[in-house]
Amino acid sequence: MQETPFSLRVGHLLPNSMSDSNTTDFTNPSTFILLGIPGLEAAHVWISIPFCIMYSIAILGNFTILFIVKMEQSLHVPMYYFLCMLAVTDLVLSTSILPKTLSIFWFNSREVDFSACLTQMYFIHCFSAMESGILVATAVDRYVAICDPLRHFTSLSNPVVAKVGLAVVLRGCMLALPAPFLSRQWPYCRTNVIRHTHCEYMAVVKLACADIRVSSYYGLFMVFFVTGLDVLFITVSYTQILRALFRLPTKDARLKTFGTCSSHFCAILAFYISSLFSSLMHRYGHYVALHFHVLMANMYLLVPPMLNPIIYGVRTKQIQDRLLWLFPNKGT
């Protein structure tokens with residue numbers, strides 16, 4: 001009875017016949033082993049430096065956004081409420097992977113409990129779906145603000161914003177539920193070694209010794225239907241925004257109006273380009289080195305949380321002014 005876990009841990013080192021005979025009846029491992037970035041183990045400490053810098057910027061930047069919006073009464077409007085939701089989502093997304101990743105890089109702490117692995121997987125899927133939903137909500141906010149400004153604050157009152165936020169949270173929670181449930185039901189009788197820095201969904205289910213087509217279909221559903229539908233809504237919103245912009249009489253008026261949604265547009269590009277590139281490459285980039293797959297998966301979860309507060313801080317005058325008030329120039 002005690003041989004099964006040991007066989008599971010070393011099964012990838014044994015001949016196929018011996019590994020299969022010792023682990024055939026095993027259903028779920030008690031732990032998984034995260035390898036980090038395969039092929040770049042010797043560089044883990046050096047890779048941790050930019051990872052740690054990006055995480056620090058994400059934490060500091062997003063908490064700063066939350067603090068500024070809370071303290072500045074003039075920012076208590078729908079756009080900045082959605083920005084706060086985005087900041088919280090970014091904090092959770094980056095924190096769901098980086099502490100464990102750094103523990104692998106710095107302390108060689110590779111073991112992760114099976115339930116903790118599924119929990120991490122759920123948080124990644126859940127808050128990724130939430131971030132996508134928040135970007136859609138912000139696009140709708142920009143559409144109403146530019147195309148129907150007289151009804152902006154009546155259409156998007158505080159109760160409406162709260163309901164939209166609740167809908168985004170519930171949607172993310174429900175869409176992410178199949179990931180851990182599907183992963184838990186598969187038998188893992190080959191190995192418990194995940195060639196990744198975190199419990200990425202497809203990296204885990206590919207370890208199963210069963211037909212995982214249902215899991216693959218779910219992954220494709222999340223990429224093409226959920227993300228694709230959100231991108232469609234955003235595209236429609238910005239098409240209407242551009243039509244309204246071109247009807248403005250002067251170039252200055254067009255530039256000034258577009259400036260109110262340029263930061264949101266940059267956030268959309270940062271999130272969806274990295275998301276789609278990582279997801280499609282993981283499924284179809286069979287000739288791409290594994291360490292590149294893993295690095296891109298980490299960039300998808302680290303770069304948008306780092307860039308969003310920078311984008312909004314640089315492109316949004318109200319946040320700039322509040323930052324200058326908080327950190328005055330000593331030379332002036």
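The residues of the chain are indexed from 1 along the displayed sequence.
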Determine, using ring centers only, whether His198 and His196 are less than 6.0 Å apart.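 His196 vs His198: aromatic centres under 6.0 Å.
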With [X] via salt bridge (charged side-chain N to carboxylate O under 4.0 Å, His left out) - residues at least two apart:
{"X": "Asp252", "result": "none"}
{"X": "Glu72", "result": "Arg322"}
{"X": "Arg247", "result": "none"}
{"X": "Asp113", "result": "none"}

Quick one: does Tyr188's side chain get under 4.5 Å of Cys209's, heavy atoms only?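 The answer is no; the side chains never approach within 4.5 Å.
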What residues, two or more places apart in sequence or in another chain, satisfy side-chain hydrogen bond (donor to acceptor under 3.5 Å, both in side chains) together with [X]?
{"X": "Thr239", "result": "none"}
{"X": "Arg243", "result": "none"}
{"X": "Thr101", "result": "none"}

Pairs in or reaching into residues 162-183: which pass ring pair (Phe, Tyr, Trp, His ring centres under 6.0 Å), with residues at least two apart or in two chains?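 Listed once each, the pairs would be none.
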Please collect all ring pair (Phe, Tyr, Trp, His ring centres under 6.0 Å) contacts where either partner lies in residues 126-167, sequence neighbours excluded, each pair once. Phe123-Phe127
Hydrophobic cluster (4.5 angstrom, side-chain heavy atoms) - remaining members for Leu170: Leu166
What residue pairs, at least two apart or across chains, pass disulfide bond (SG atoms under 2.5 Å apart) with a residue in residues 81-122?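 For residues 81-122: Cys117-Cys199.
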Tell me the side-chain hydrogen bond (donor to acceptor under 3.5 Å, both in side chains) pairs involving residues 223-238, sequence neighbours left out?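 As it turns out, the side-chain hydrogen bond (donor to acceptor under 3.5 Å, both in side chains) pairs with a partner in residues 223-238, which skip direct neighbours, are Ser132-Asp230, Arg171-Asp230, Tyr238-His264.
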Does the plane of the ring in Phe114 sit parallel, tilted or perpendicular to the ring in Phe32? Use 30° and 60° as the thresholds.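 Correct class here is tilted.
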